[in-house]
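Contents: one structure, followed by commentary.
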Amino acid sequence: MKMSKKFKSEEELPDCVISYIFSKLCLKDLVKTSVLSKRWLHEWRSRIDLNFDLHNMFDYNTLQELPQNLPVPLLKTFQSEFATRMDRFMLKHRGDMIRSLRVDFPLGNQHSDVIDKMIFKGIAKGVERIELLFSYQNNSDFEIEPYKFVFELLSLDDSLTYLHLQKCHLVAPINLSGFNNLRTLVLHLVVVKQDLLQGMLSSCIHLVDFTLNDCEFNSDLKIISPKLFNLNIVNCGVEIGREKNIDIFASNLSSIEYSCNGREVHSMNIKADMLSKFSYRGREISQHIGFSGLKNVTTIVFDGLHECISDDIVPHLFSECLQLEDVTFKNCWMICRMKIISPKLRRLSIIDCCYDGMSPYRMSIDALNLSSFEYSGYTRVFSVNAPRLSKVFWNATTREETPFAIHPYESLLYIENLTMIMSTSQILQWLLIISKNFL
């Protein structure tokens, strides 16, 4: 049995233990340790992961007294104090290395001197990850000039691999050599211009993950990146009556996620032969995306389509995307009849798809390799030809007064996992059916 060792004082603690303890402390508590021991007097100045937010910079009692929505004058006072404390901490940082910098507080361009110095010091000490999160959602009356992110700050850097910019104004780059090793780029609440985007992508030769979240596009976008692996364009918007296009040329791209919050959506031209996963949330798709660009996709998710998918979209999808194995329809419009034919399909989910409260009267599924099926809705008649189906999740309570479709199970003798949500009035009927067909 291994014996534990008792230490008489903090002076006897090994350096590895001290480092681990300090890594778990927030910045304000880390600074307080300097009064506990002479040995710890300067330890806090060597922290390699720096996280500047309200909880790290201010005492717990102070935060407890604050209202949920800070009045603008009080918020401005906290802004000034926050920037001052962050600047003092960075000036006293004596470590040889900074691994990550994260600022989560609504600072603006008036604090650019403090922010620039922090970034410059981080770059000089080999920072690998930078997150500048300057959005403030709790007070709509609070507006400040966004911080101007100057890409030349990174010109001397070759260690940065992750960059997340939120509520920043991107200044047109002159020198982007600091992006040589960048692998992940996230832009959130940022105005994106094509010339700037093109310059960034051409310089980020090792970029594999790129996210545009709730960004404003003033023109059509063209995304060209040979190494890009994951692309997310989410929470975007298109003004009514103004067509916007997104062209994607990425030979190594594996995954695309797209979502649009408004009535209009982008038209997309996708050239990505390695694309295997495509997720789309928007009101329309048939006139905006050609399924021929998705011919090698194996996983696809459609969410919130407000055009009837059973008439046109589904037939074209399964006739042109012959590699599909995992398909999900969620909150989409379906009317009349629905027919799915796919020899490679393995997993199918149809969740809350209807039109004006009515689901398709009849649904037909012909999928020889289908092994998993999830359904939530109230279609009356099903026809299922899936001899390998072994796992079923069915929500039968979405509309109790509609007779529950029982026919698919009469010929499905290999189901191993059956999960059903039903009302008490349906239980007896189903126990009789299951006992008759499966026992």
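Keep in mind that the numbers below use all heavy atoms, side chains included, and drop hydrogens, waters and symmetry copies.
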Close side-chain approach of F229 to M274, heavy-atom, < 4.5 Å: no
Geometric class of the H164/Y162 ring pair [parallel <30°, tilted 30-60°, perpendicular >60°]: perpendicular
Any T184 side-chain heavy atom under 4.5 Å of L163 side chain: no
Whether Y258 and Y280 hold their rings parallel, tilted or perpendicular, with breakpoints at 30° and 60°: parallel
Gap between atom CG of D303 and atom OG1 of T328 - 0.5 Å precision: 9.5 Å
Contact check, side chains of N213 and L189, non-hydrogen atoms, under 4.5 Å: no
Pairwise distance CG(N417) to OG(S390) - rounded to 0.5 angstrom: 8.0 Å
L207 vs I205, side chain to side chain contact (heavy atoms under 4.5 Å, CB included): CA-CA, chis, key distance, verdict: CA-CA 6 Å; L207 189 68; I205 57 176; over 6 Å; no
Within 6.0 Å of NZ in K121, more than 12 heavy atoms from elsewhere: yes
Option from V150, V103, L132, V127 for which side chain to side chain contact (heavy atoms under 4.5 Å, CB included) with I119 holds: L132
Note, N269 side chain near I248 side chain (heavy atom, < 4.5 Å): no
Short side-chain donor-acceptor distance under 3.5 Å, N369 and R346: no
Donor-acceptor side-chain pairing of S100 and D49 below 3.5 angstrom: yes
K222/D220 salt bridge by N-O under 4.0 Å criterion: no
Plane angle bin for F105 and F82 - parallel if under 30°, tilted between 30 and 60°, otherwise perpendicular: parallel
Inter-residue atom distance L50.CG - M86.CE, 0.5 Å rounding: 10.5 Å
Heavy-atom neighbours of Q110 CD exceed 12 at 6.0 Å: yes
Atom of L133, atom of R102 and distance for their closest heavy-atom approach: CD1-NH2, 3.7 Å
Side chain to side chain contact (heavy atoms under 4.5 Å, CB included) partner of L170, the single match among L197, V191, L187: L187
Note, N261 side chain near R281 side chain (heavy atom, < 4.5 Å): yes
Exercise: do T298 and S276 side chains pair donor with acceptor under 3.5 Å: no
Side-chain touch F151/L153, heavy atoms, less than 4.5 angstrom: no
Donor-acceptor contact present, side-chain H316 to main-chain I313, <3.5 Å: no
NE2 (H306) with more than 12 external heavy atoms under 6.0 Å: yes
Side-chain touch V186/F210, heavy atoms, less than 4.5 angstrom: no
Closest non-hydrogen atom pair between I123 and L154, with its separation: CD1-CD2, 3.5 Å
Under 3.5 Å donor-acceptor, N109 side chain and K148 backbone: yes
Point-to-point distance, once rounded to the nearest 0.5 Å, from CD1 of I224 to CG of D247: 8.5 Å
Verdict with reasoning, M338 to F329, per side chain to side chain contact (heavy atoms under 4.5 Å, CB included): CA-CA 12 Å; M338 178 83 159; F329 299 108; 4.2 Å; yes
Short side-chain to backbone donor-acceptor contact, T161 and L182, under 3.5 Å: no
Side chain to side chain contact (heavy atoms under 4.5 Å, CB included) between N245 and H266, intermediate numbers included: CA-CA 5 Å; N245 301 310; H266 290 86; over 6 Å; no
Point-to-point distance, once rounded to the nearest 0.5 Å, from OG of S267 to NZ of K244: 11.5 Å
Shortest non-hydrogen separation from P226 to S251 and the atoms involved: O-OG, 3.6 Å
Minimum heavy-atom distance between A250 and A272, given as atom pair plus value: O-CB, 3.4 Å
T211 and L185, any side-chain heavy atoms less than 4.5 Å apart: no
Sidechain-backbone polar pair: N296 side chain, D273 backbone, donor-acceptor under 3.5 Å: yes
Side-chain ion pair, D352 and K330, N-O less than 4.0 Å: no
Side-chain donor/acceptor of E307 to backbone N/O of E284, under 3.5 Å: no
N331 to C353 - nearest heavy-atom pair and separation: N-SG, 3.8 Å
Side-chain donor or acceptor of K391 paired with backbone N/O of L418 under 3.5 Å: no
Nearest-0.5 Å distance that lies between atom CG in L275 and atom NZ in K295: 11.5 Å
Enclosure of K167 NZ (heavy-atom neighbours >12, cutoff 6.0 Å): no
Heavy-atom donor-acceptor pair, N232 side chain to V234 backbone, under 3.5 Å: no
Step-by-step side chain to side chain contact (heavy atoms under 4.5 Å, CB included) determination, E81 to T77: CA-CA 6 Å; E81 183 63 22; T77 300; 5.6 Å; no
Other residues, nucleotides, ligands: >12 heavy atoms within 6.0 Å of R183 CZ: no
Least distance between heavy atoms, F318 atom then S342 atom: CD2-CB, 3.6 Å
